[in-house]
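Since we're looking at a predicted model, the values are computed, not measured. Counting starts at 1 for both ligands and their atoms, in listed order.
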Amino acid sequence: MRGKDVVLDGVEITYPNGFTAVHQTDLTVEAGEFFSILGPSGCGKTTILRAVSGFVAPSRGAVRIGGEDQTGLGPNARPTALIFQNLALFPLMPVWENVAFGLEARGVAKRARRARAEELLALVALADQADKLPGELSGGQRQRVAIARALAVDPAVLLLDEPLSALDLKLRQHMRAELRAIQRKTGVTFIYITHDQGEALTMSDRIAVMNAGRIEQIGSADDVYSNPVSAFAASFVGEANQFAGRVTAQDGALAQIETAHGSFLGRNPTGLEVGSEAILFVRPEHTGAGAGRNSLTARLQRRDLEGPFVNLYLATRSGAQIALHVPNTGAVDIGAEGDVSVGFEPEQAVVLPAGPVARTGADIAAQ
Ligand SMILES: Nc1ncnc2c1ncn2[C@@H]1O[C@H](COP(=O)(O)OP(=O)(O)OP(=O)(O)O)[C@@H](O)[C@H]1O
Ligand SMILES: [Mg+2]
C-alpha cells in the first residue's frame, strides 16, 4: 500500500437546497500524511470527505488524488476507502470474512481472501481473532476490524469520519495510538475527521481547523495550539482565557490591548493596528498565581483536581472569568478567600482580530 496526495483545488460545495456547506477551499494533503480536519458540528467536515470519496460533486473546483482529476468518478472508481462513525460489520460473518468482504466482489478466490484477511488482521493486532464473530469482540477490536476491512481494497487514501466517537474514553485514547501505528505501517494517506481536539492534536502530522465551511488554519499540532491565527482557532483548540477590547499601541512584535478588565500586552502575529477590535487569548497553563507583566485581581470560584493538574477558576470584579491549570505539586494553592493576583507574560499571550469564538471563559467556569 502506498499513499497518494489529495488536492482540493478551489473546491466549493453547495447542496441541492442551495446551502453552501464548504466555501472555496484550497488544500493539499501530502502522500502518506496523517491529516486531521478539526471543527465543531455542522462546519462541513463530512461534506469535504464526501467530495473526496465521490459521494458528492463539488459545485466548483476539482479534487485531485495522486495528480489525477477525480471529477466524474464515482466512489468505486476512486483510490479511497471510507470509515464511518457507525461502522457496520456483518454480525453473522466471521471476522476474516468481514475483512475480505470487498475482495469477494472483486472476484478474488477464497484462499487468497483468507490470506489477505489474515495479513490485515495481523496489521491491526487481531491475528488470533479471524474466526470469531464481531459480537465476540470488544468495541475497540471491532473498530480495528473495520479498519482492516477498509484497507483490504488497497486504498491510497483512507477517509475516517469520527471513527472513534462510539467508543468510551479509555478505548478512544488507546485507539489513537493504534490508528497512528497502523497509518505509519501502511503509509496510506489518512484524512481523519473529528471534533475532538485531543484526537487531532495527538495523532496528526497536520491539522486543519475548520469553522462554518472554511478552513481557518492549517499547521502541526504545536503550531495550531501555540500559534493560533484566528479567534476561532485560539478558542476551539484547547482552552483559553480571553479578553476582548481594542488595540491601543503597537510595540514591535507586541500589541497593547485595552479591555474592560485591564490593559494587557500580547504577541501581535497578524499585525493588528491601533484602533482594531481584538481579543487577547492566553492559555490557562500560561496564566499563573502572582502578578506577571500583565496582571489582574480575581477571586477563586472553584478548584478542580484533575490528577497531575489542578484547575482553578477565578472571576474578576469586572466579570472576567479566568482559568489556571497548575501542576499538582502540592504547593499550588493561591488562597481560597479574598482577592488574589494572577498574571501572564506578554510572550505567552496572543492578540488576534475580533471574530467568532468557540468557547468563553464563562463557559469553562460553568461546565
Ligand atoms: N444533504 C444535505 N443537504 C443540505 N444541507 C446539508 C446536507 N448535508 C449536510 N448539510 C449541511 O451542511 C453543513 C455541514 O454538514 P456536515 O455534515 O459536513 O458537518 P460536519 O462538520 O460533518 O458536522 P458533524 O460534526 O456534526 O458531523 C451543515 O450545516 C449541514 O446541515
Ligand atoms: Mg460529520
Side-chain angles (χ1 to χ4, degrees), residues 6-27 29 34-63 65 70-71 74-75 78 80-88 139 143 146-147 150 155 157-169 172-173 175-176 179 189-204 206-219 221 224 228 230-238 355-359 363:
V6 177
V7 174
L8 269 60
D9 184 359
V11 165
E12 184 181 286
I13 305 162
T14 302
Y15 281 110
N17 68 356
F19 179 74
T20 299
V22 176
H23 299 281
Q24 191 173 330
T25 297
D26 294 302
L27 170 68
V29 178
F34 196 126
F35 190 92
S36 294
I37 301 178
L38 172 66
S41 183
C43 73
K45 305 181 296 295
T46 295
T47 303
I48 287 190
L49 274 205
R50 286 196 190 122
V52 174
S53 56
F55 288 98
V56 134
S59 346
R60 276 182 202 198
V63 173
I65 302 179
Q70 303 292 304
T71 306
R78 298 191 181 197
T80 55
L82 187 56
I83 298 181
F84 295 99
Q85 174 175 338
N86 298 308
L87 57 125
Q143 196 65 47
I147 292 162
V157 181
L158 190 60
L159 306 167
L160 303 104
D161 194 350
E162 312 223 16
L164 305 185
S165 54
L167 306 179
D168 66 46
L169 178 66
R172 252 179 4 240
Q173 289 175 341
M175 283 300 293
R176 290 176 186 174
L179 274 175
T189 308
F190 274 36
I191 303 183
Y192 188 93
I193 296 254
T194 182
H195 60 261
D196 180 331
Q197 36 139 342
E199 281 181 12
L201 291 173
T202 50
M203 290 192 288
S204 321
R206 286 190 305 154
I207 299 168
V209 182
M210 193 169 178
N211 184 36
R214 289 195 165 81
I215 291 176
E216 296 208 350
Q217 181 166 8
I218 298 177
V224 166
S230 73
F232 180 81
S235 56
F236 188 74
V237 185
V357 293
R359 253 180 304 208
D363 293 336

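Nearest heavy atoms, Ile207 versus Ala200: CD1-O, 3.5 Å.
Close N/O approach between Gly44 and ligand 1 is found [any backbone or side-chain N/O within under 3.5 Å]. Between Phe19 and ligand 1, no pair of N/O atoms sits closer than 3.5 Å. In terms of N/O distances under 3.5 Å, ligand 1 is not approached by Pro16.
The backbone N or O of Leu38 sits nowhere less than 3.5 Å from a side-chain atom of Ser36 that would complete a donor-acceptor pair.
For ligand 1, the atoms sitting less than 4.0 Å from at least one non-hydrogen atom of Cys43 are 19 (O), 21 (O), numbered in the order shown with element in parentheses. Under a 4.0 Å criterion applied to the non-hydrogen atoms of Thr46, ligand 1 contributes the atoms 17 (O), 18 (O), 20 (P), 22 (O), 27 (O). Below 4.0 Å from some heavy atom of Glu162 lie the following atoms of ligand 1, by number and element: 25 (O).
Of the candidates Lys45, His195, Met210, Arg50, the one placing a heavy atom closest to atom 25 (O) of ligand 1 is Lys45. Among Thr47, Ile37, Ile193, the residue whose heavy atom sits closest to atom 15 (O) of ligand 1 is Thr47.
Here the options are Arg172, Gln173, Glu162, the test is side chain to side chain contact (heavy atoms under 4.5 Å, CB included), and the partner is Glu199; only Arg172 passes.
The side-chain heavy atoms of Tyr192 and Leu164, taken from C-beta on, include a pair separated by under 4.5 Å.
Few gaps surround CD on Glu12; more than 12 heavy atoms of other groups in view lie less than 6.0 Å from it. The 12-atom threshold is exceeded at NE2 of His23, counting heavy atoms of other residues, nucleotides or ligands nearer than 6.0 Å.
Here CG of Leu82 is found 9.5 Å from CZ of Arg50. Values are rounded to the nearest 0.5 Å.
The Mg ion (ligand 2) has no N, O or S atom of Thr47 closer than 2.8 Å.
Contacts with ligand 1 closer than 4.0 Å are made by side-chain heavy atoms of Asn17 only, the backbone lying farther away.
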